[in-house]
Amino acid sequence: MRWGDPLILPDKNNAKQMASLAGIMNNQSKLTAENQTSLLKLQQLQGTIAQLTANTSEGIDETNRRDRVSRQIELSSATQAEVYIPGLFRTNQPTAGGGK
């Protein structure tokens, strides 16, 4: 351009193309923001699932511990139970005269 040349303005087609491009870029920005929001929600759900899995596993472990302790108590009670075996200590021996 030289001094005194008329100012060249964009024609109507160029203006329409620029407006369309601006609209496309705006839509792309909106889609990107929506994708980021969806990704964040997905990550939150994954965190929730991981926490629920950990809670379930801990509950199962606690149930197994209680069952194990219960079995140990039952076994120790069974080994401590008194058992009567006739004649074991020979307390009912007949006397020398036949007991009559």
Side-chain angles (χ1 to χ4, degrees):
M1 261 184 157
R2 291 179 304 171
W3 180 260
D5 284 346
L7 183 60
I8 300 173
L9 297 174
D11 62 0
K12 285 186 178 182
N13 282 338
N14 192 14
K16 287 180 182 179
Q17 289 175 352
M18 294 301 284
S20 293
L21 181 60
I24 290 170
M25 291 176 69
N26 186 32
N27 287 340
Q28 183 179 8
S29 294
K30 287 179 184 178
L31 289 173
T32 300
E34 289 172 2
N35 283 343
Q36 289 174 342
T37 301
S38 295
L39 179 61
L40 177 61
K41 288 180 181 179
L42 179 60
Q43 290 170 337
Q44 289 171 339
L45 286 173
Q46 288 173 331
T48 301
I49 289 169
Q51 184 64 51
L52 288 172
T53 301
N55 290 348
T56 301
S57 178
E58 187 173 340
I60 291 169
D61 289 346
E62 183 61 29
T63 300
N64 288 339
R65 279 192 288 275
R66 275 190 242 137
D67 290 346
R68 190 176 315 115
V69 168
S70 177
R71 284 192 305 272
Q72 288 173 344
I73 290 171
E74 287 175 11
L75 287 174
S76 70
S77 296
T79 59
Q80 294 175 0
E82 295 181 17
V83 177
Y84 174 71
I85 302 174
L88 178 65
F89 297 109
R90 302 190 190 274
T91 56
N92 293 334
Q93 294 179 358
T95 56
K100 293 186 181 183

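Computed from a prediction, not measured in an experiment: that's the story for all the values here.
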First locate atom [atom1] of [X], then atom [atom2] of [Y], and finally report the distance between them rounded to the nearest 0.5 Å.
X: Asp67; Y: Gln72; atom1: CG; atom2: CD; answer: 11.0 Å
X: Asn35; Y: Leu42; atom1: CG; atom2: CG; answer: 11.5 Å
X: Gln17; Y: Ile24; atom1: CD; atom2: CD1; answer: 10.5 Å
X: Leu52; Y: Leu45; atom1: CG; atom2: CG; answer: 10.5 Å
X: Glu34; Y: Asn27; atom1: CD; atom2: CG; answer: 9.5 Å
X: Arg68; Y: Ser70; atom1: CZ; atom2: OG; answer: 12.0 Å

For Thr53, is there any backbone N or O sitting under 3.5 Å from a side-chain donor or acceptor partner on Ser57?
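No, Ser57 side chain to Thr53 backbone: no donor-acceptor pair under 3.5 Å.
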
Please enumerate all residues that pass side-chain contact (heavy atoms from CB on, under 4.5 Å) together with Glu62, with sequence neighbours excluded.
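For Glu62 the side-chain contact (heavy atoms from CB on, under 4.5 Å) partners, ignoring immediate neighbours, are Arg65, Arg66.
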
If you group Ile, Leu, Val, Met, Phe, Trp and Tyr whenever their side-chain heavy atoms sit less than 4.5 Å apart, what else falls in with Leu21?
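Answer for Leu21: Met25.
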
Any side-chain donor-acceptor pair under 3.5 Å between Asn55 and Gln51?
yes

Should we count CD of Gln43 as having more than 12 external heavy atoms under 6.0 Å?
yes

